[in-house]
Amino acid sequence: MSSIVIENPDVAARAEELRNEQLTNRRVRIDRMFAGLMLLQYAAGIIGALVVSPYAWQGKEKVIHMHVWVAVLGGAGITLLPLLMAIFKPGTTITRHVIAASQMLWSALLIHLTGGRIETHFHVFGSLAFLAFYLDWGVILTATIVVAADHFLRGVFWPESVYGIANAEWWRFLEHAAWVAFEDVFLVWSILLGQREAGQAAERQAAIEHLSEQEQLKTAALEMALAEMQGATA
Amino acid sequence: MSRSRIVTVVLIAAGIVWTSTVVAAFSAIRRFESTPGLSADAHATWPASSRVPRATGASTLVMLIHPQCSCSRASIKELEAIIDQSPRSMRTYVLVYRPADAKAGWENTDVYRAATGLRRAQVIVDVDGSEAKRFGGFTSGQTYLYDGDGRLRFTGGITSLRGHEGLNRGRVDVIRIANAQETSATHPVFGCAITSKTTTRGARP
């Protein structure tokens with residue numbers, strides 16, 4: 001796609017204004033989408049815990065399983081802040097970074113609730129793709145840091161939970177993070193492309209608005225000249 | 001107080017709740033998943049009073065399971081991997097706990113069905129955990145491996161954490177012992193309690 005060269009500073013400023021307006025509108029909608037997704041994940045976490053592991057047993061006695069409490073209370077805690085941010089501060093930078101971090105924490109929680117099932121790790125990759133809708137590569141960076149920090153800290157203090165064996169090498173978190181980085185490269189590329197396209201669309205709209213204004217001024221001048229001629233003839 | 005100030009206060013409070021919940025929830029999970037169950041009072045040799053027939057001249061593996069224990073799904077999965085990588089001569093038993101006063105079919109859960117679906121393994125319903133007591137086991141997932149002469153070579157669990165599938169030291173050790181690459185090992189066991197230590201002590205052979 002060819003770019004438009006705008007020399008008029010007023011038109012350039014208007015293009016920037018339009019671009020920011022479009023991005024903000026988009027990000028408000030994505031915040032709302034994530035608010036809904038957070039509630040959906042909360043419900044899914046509770047239902048999953050109730051279905052997969054409702055009780056812990058001691059002989060024939062049963063008690064509510066720890067996973068159910070964690071899904072109810074921990075899930076509520078993780079959901080609360082991004083939900084309120086999406087309601088009261090939609091479209092702001094801090095809101096989408098809080099959402100990114102919370103979404104990754106949901107991935108970690110769901111992985112635990114499903115007993116570390118490898119299939120649940122797909123939630124990480126799906127979430128990164130959803131976060132790319134923001135057209136802000138910083139959000140992808142925040143999410144990646146949370147995933148890497150989670151793996152690094154667990155790899156150091158609780159290696160069995162990540163690698164299955166207690167004496168895993170400390171650097172193995174890099175192997176896991178590398179798969180996330182692999183996806184990140186393509187997501188960041190698509191975000192930069194999306195930002196450029198949004199900028200070009202805004203420039204086109206600003207140029208059209210400018211041309212339209214000029215045409216309206218010409219028409220007004222012509223109408224004025226015509227009226228003067230008609231007045232002189234009369 | 002203005003609306004924006006109220007919103008700011010609410011968001012700061014939510015931030016504090018968010019941070020403390022994250023720390024508390026993941027700490028609770030860590031404590032729950034990494035706390036092993038009671039280790040077996042395992043005998044050095046096959047318990048003479050057991051009614052489970054031991055293989056002579058080949059290894060015999062025994063696993064105790066609480067069928068309602070969701071964490072034991074992982075133990076059954078790991079057992080499947082062990083059977084696949086051990087000599088075909090190894091005999092495997094899964095002893096499924098059922099309380100004496102439980103209704104018929106109480107033990108028929110997905111864990112039980114997974115155990116019955118294992119190749120080269122025999123499932124035995126262990127009423128009131130009487131066999132578990134003879135083997136000195138307390139925790140679901142407790143695994144024993146005896147050699148061809150009835151000597152205990154492995155005792156412990158075969159998952160890395162409570163309810164977690166995947167590569168772990170217990171599984172690796174059992175496979176190595178079954179293939180005569182290692183002589184003996186122990187590993188923590190993670191799962192629900194089948195019997196308590198007080199009820200077991202009097203029943204030992």
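Note that these values count all heavy atoms, side chains included, but never hydrogens, waters or copies made by symmetry. In what follows, every chain begins at residue 1, and chains take the letters A, B, ... in the order their sequences are listed.
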Please classify the contact between [X] and chain B as side chain, backbone, both or neither, with a heavy-atom cut-off of under 4.5 Å.
X	result
A:V70	side chain
A:K89	side chain
A:S102	both
A:A108	both
A:P54	neither
A:L83	neither

Side chain, backbone, both or neither: which part of [X] has a heavy atom under 4.5 Å from chain A?
X	value
B:R31	neither
B:R98	neither
B:D101	side chain
B:A74	neither
B:R171	neither

At a heavy-atom distance under 4.5 Å, which candidate from A:W69, A:F88, A:W57 has the highest pair count against chain B?
A:W57
What option among A:I87, A:L109, A:V98, A:T79 has the most heavy-atom pairs under 4.5 Å with chain B?
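Winner by heavy-atom pair count: A:L109.
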Would you say the side-chain atoms of B:S72 and B:S75 include a donor-acceptor pair closer than 3.5 Å?
no
Does a donor on one side chain and an acceptor on the other come within less than 3.5 Å for B:Q142 and B:T155?
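Yes - a donor-acceptor pair under 3.5 Å links their side chains.
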Ring-plane angle category for B:Y97 and B:H66, please: parallel below 30°, perpendicular beyond 60°, tilted otherwise.
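Tilted.
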Donor-acceptor check, side chain of [X] to backbone of [Y], threshold 3.5 angstrom: yes or no?
X	Y	answer
A:Q195	A:L135	yes
B:T195	B:G137	yes
B:S50	B:P47	no

Relative to chain A, which of [options] shows the most heavy atom pairs under 4.5 Å?
options	answer
B:T19, B:T139, B:V17, B:T21	B:T21
B:A14, B:G170, B:A25, B:G129	B:A14
B:D128, B:L11, B:V7, B:V22	B:L11

Exceeds 12 heavy-atom contacts within 6.0 angstrom, atom CZ of A:R32:
no
My understanding is that only residues two or more places apart in sequence, or in another chain, count here; which of them pass side-chain contact (heavy atoms from CB on, under 4.5 Å) with B:V10?
A:L84, B:I6
Taking only residues at least two apart or on different chains, which pairs with a member in residues 129-142 of chain A satisfy side-chain hydrogen bond (donor to acceptor under 3.5 Å, both in side chains)?
A:D31-A:Y134, A:R96-A:D136, A:H97-A:T142
B:F190 vs B:H164, test: ring pair (Phe, Tyr, Trp, His ring centres under 6.0 Å). Steps then yes/no.
CA-CA 9 Å; B:F190 300 93; B:H164 271 250; 9.5 Å; no
